[in-house]
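When reading the values below, keep in mind they use all heavy atoms of this one structure, side chains included, and skip hydrogens, waters and symmetry mates. Order of appearance sets the numbers: ligands from 1, and atoms from 1 within every ligand.
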Amino acid sequence: MEKKISISQIKEVAQEAYNEVKGSTGGKNADYIPYLANIDSKLFGLSICLMNGQTINIGDTDYRFGIESVSKVHTAILILRQYGAQKVLDMIGADATGLPFNSIIAILLENDHPSTPLVNAGAISACSMVQPVGNSDKKWDAIVQNVTELCGSAPQLIDELYKSETATNFNNRSIAWLLKNYNRIYDDPDMALDLYTRQCSLGITAQQLGIAAGTIANNGVNPVTKQTVFEASLAPKITSMISTVGFYEHSGDWMYTAGIPAKSGVGGGVMAVLPGVMGVSAFAPPLDEAGNSVKAQSAIKFIMNKLGLGVFNGDNVTITE
Ligand SMILES: NC(=O)CC[C@H](N)C(=O)O
């Protein structure tokens, strides 16, 4: 069906979502990474990027927080750009794990396969694939450049977070070496792990993440800078990956209730993609038990439900002035 929504309607509903959710007290900051435990848990930002490049920003949308696992989406896009869709499927996979993001059992259950670039195992494997293989500095430049193009502006490394995470990432070290054992690490394992840890420590704003989500929704063209960041044919590949595993073991419940593919990070950020319509991002540190921001989920769900939007609705949505 044809569905028309005005920009002022979107602004109104976004403000309503923000007001509704702002006072909620559910969840708690991630504390297995010491830096994250100390972030002000009252911070809350909501940002929407429309396909005409207009952004709607409410609350703490300029605060730089740790991107954490949302960076898995960016680097999955980078290897899709460098290798193409088939090779990424062959070398990592695109399956849901139904298990926590840092699961080791998931690697064993999937017959030695990392499953998807959007869980820790697949993301470390993805970092090992980033070209030029063998050159850590150049790989890092490629990762940052790709994030910059997707967001339309540069992220900034939060050094304290990087140190905090490096000092405590024992589980991820096991994952990297287990994958090496199964020939699923395509460069030096310690280098791949370090690049993964560093990309998780990039500081990003909700506005930047909203624009990155908008770039995916806009088939690879950044709606703000108008740059073609990746080929349009890759957009449904990345969106399908986000929808199957973006909220880990809660991904099914999320798609059922909110109807929008979204990816979370333990820094409190979420980026959500409604293809052809908008990118949405929300940031608030307190998390549920699967590591997904409680307020970000509530706000994005509120917007989708109130506007009657969702990838499964079958509507042809037009945004009017
Ligand atoms: N879900 C997440 O955001 C996890 C990212 C974090 N860097 C980790 O590896 O544990």
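- The environment of Phe170 atom CZ is dense: over 12 non-hydrogen atoms of other residues, nucleotides or ligands sit within 6.0 angstrom.
- With ligand atoms numbered from 1 in the order given, ligand 1 contributes 7 (N) to contacts under 4.0 Å with heavy atoms of Cys200.
- Counting only heavy atoms from C-beta outward, the side chains of Ile5 and Lys3 approach each other to under 4.5 Å.
- Within the 4.0 Å heavy-atom criterion, both parts of Val266, backbone and side chain, lie near ligand 1.
- Residue-ligand proximity: Asn120 is placed with a non-hydrogen atom under 4.0 Å from ligand 1.
- Residue contacts with ligand 1: Ser264 is placed with no nitrogen or oxygen under 3.5 Å of a nitrogen or oxygen of the ligand (distance criterion only).
- Side-chain atoms of Tyr18 and Lys295 include no donor-acceptor pair closer than 3.5 Å.
- Of all the heavy atoms of Asn172, the ones lying under 4.0 Å from any atom of ligand 1 belong exclusively to the side chain.
- The shortest contact between atom 7 (N) of ligand 1 and any protein heavy atom is with Glu165 OE2, 2.3 Å.
- Within ligand 1, the atoms closer than 4.0 Å to a non-hydrogen atom of Tyr196 are 5 (C), 6 (C), 7 (N), 8 (C), 9 (O), numbered from 1 in the order shown.
- Residues Asn120 and Tyr196 have side chains that bring a donor and an acceptor to within less than 3.5 angstrom of each other.
- Protein heavy atom nearest atom 10 (O) of ligand 1, with residue, atom name and distance: Tyr32 OH, 2.6 Å.
- For Thr225 and Gln227, the side-chain atoms include no donor-acceptor pair closer than 3.5 Å.
- Counting protein heavy atoms only, atom 2 (C) of ligand 1 is closest to Ser69 OG, 2.5 Å.
- Of the polar atoms of Lys72, none of the N or O atoms is found under 3.5 Å from an N or O of ligand 1, judged by distance alone.
- Among all non-hydrogen protein atoms, the one lying nearest atom 6 (C) of ligand 1 is Glu68 OE1, 3.2 Å.
- Residues Ile48 and Ile58 form no side-chain contact, since every pair of their non-hydrogen atoms from C-beta on lies 4.5 Å or further apart.
- By the 4.5 Å heavy-atom criterion applied to side chains, Thr197 and Asn172 are not counted as neighbours.
- Those atoms of ligand 1 with a heavy atom of Gly265 less than 4.0 angstrom away are 3 (O).
- In this model, a donor atom of one side chain and an acceptor atom of the other lie less than 3.5 Å apart for Tyr162 and Asp194.
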